2 protein chains.
Amino acid sequence: MKQSSLCPKFEKGMQLLGKRWTGLILYQLLSGPQRFCALEGALPVSGRLLSERLKDLEKEGLVHRQVFTDSAPVRVEYSLTEMGKALTPVLKGIESWSQSWIELNADEMANDSEE
Amino acid sequence: MKQSSLCPKFEKGMQLLGKRWTGLILYQLLSGPQRFCALEGALPVSGRLLSERLKDLEKEGLVHRQVFTDSAPVRVEYSLTEMGKALTPVLKGIESWSQSWIELNADEMANDSEE
DNA sequence: TATACTTACTAACGAAAAGTAACTTTGTTA
DNA sequence: TAACAAAGTTACTTTTCGTTAGTAAGTATA
């Protein structure tokens, strides 16, 4: 792998956010702690990758994983840490940029209203 | 592929920025129009992928490609369009978030100072 | 008691994307 | 004429993804 002249922190940050689903998972968690199945239902990501990403995000300190053993079937809730919450303006920024600039083509429009 | 309840524009925006290298390429272009080889030199990305990404970004309207046939070997310059420039605060936001929150581990520190 | 069901995952496998190296084309300089 | 540079492209290997199926623990249902 080639060496870049970029700040390694920035590069690592981009590498994190530049992974498929990471941004959407974090965005989804902005609305509060959520269970695994809730995230799975809200995003078009498979359980396999969701699990993988959440593990990564937990390791990197963006997401907190809490298991509730008291309730019926074990409940696992994921939430943003301070580090994760600090990304709020970035995620919101991407959201509003998308609203302003992204155009959907026919395929994407169709996809949007079916299944 | 499952269907999400997300805004399709936001989803598409995230899909764009959530592709490897896209963010770094756009960030690099914040400092002004640049040639292919300049980007290739500045980022740890291979020519193959750089070419692919630039083509995508041009198609999506974030990047403008201009060929200068006048000068010695053909010169190709890439620059941000208005749509691309509109991402400035997002990219800067990721940069400062990274500065504040990202920690490098030993491997990454080592990697940083060699080659 | 047996069965079916739920949550939160994990394993296996084919398909798509990424990384690497070599090659092409046009023109330039030694 | 040989070697070099820019801007890619091709071919090939390795990683990552997406899909489907399966697991463990516990619950409700018959």
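What you see is a predicted model, and the numbers here were worked out from it, not measured in a lab.
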Does [X] make a side-chain N or O approach to OP1 or OP2 of [N] shorter than 4.0 Å?
{"X": "Lys55(A)", "N": "dT10(C)", "value": "yes"}
{"X": "Tyr78(A)", "N": "dC9(C)", "value": "yes"}
{"X": "Ser51(A)", "N": "dA8(C)", "value": "no"}

**Asked** Can you find a pair of side-chain heavy atoms, one from Leu43(A) and one from Gln28(A), that are under 4.5 Å apart?
**Response**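 When only atoms from C-beta onward are counted, Gln28(A) and Leu43(A) do touch, with a gap below 4.5 Å.
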
For the pair made of [atom1] in [X] and [atom2] in [N], what is the distance, rounded to whole Å?
{"X": "Ile25(A)", "N": "dA8(C)", "atom1": "CD1", "atom2": "C1'", "value": "15 Å"}
{"X": "Leu50(B)", "N": "dA17(C)", "atom1": "CG", "atom2": "C1'", "value": "16 Å"}
{"X": "Glu40(B)", "N": "dT9(D)", "atom1": "CD", "atom2": "P", "value": "12 Å"}
{"X": "Phe68(A)", "N": "dG26(D)", "atom1": "CZ", "atom2": "P", "value": "18 Å"}

Below 3.5 Å between N/O atoms, which protein atoms pair up with nucleotides 4-7 of chain C? Just atom names and distances, please.
unit_1: dT7(C); atom_1: O3'; unit_2: Arg35(A); atom_2: NH2; d: 3.2

**Request:** Going 5' to 3' through nucleotides 10-17 of chain D, assign each nucleotide B (protein heavy atom under 4.0 Å from a base atom), S (under 4.0 Å only from sugar-phosphate atoms) or - (no protein heavy atom that close).
**Result:** BB-----B

Output one line per pair: protein atom, nucleotide atom from nucleotides 22-25 of chain C, and distance, for all N/O pairs under 3.5 Å.
none

**Prompt:** End-to-end bend of the helix from dT1(C)-dA30(D) to dA30(C)-dT1(D) (five-pair axes, 10° rounding)?
**Reply:**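 If I round to tens, the end axes sit 10° apart.
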
**Prompt:** By side-chain contact (heavy atoms from CB on, under 4.5 Å), which residues pair with Lys92(B), not counting sequence neighbours?
**Reply:**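 Checked Lys92(B) against side-chain contact (heavy atoms from CB on, under 4.5 Å); matches are Leu30(B), Thr88(B), Glu95(B).
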
**Message:** For Arg65(A), give me all partners under salt bridge (Lys or Arg N to Asp or Glu O under 4.0 Å), at least two apart in sequence or on another chain.
**Reply:**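 Here no residue qualifies.
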
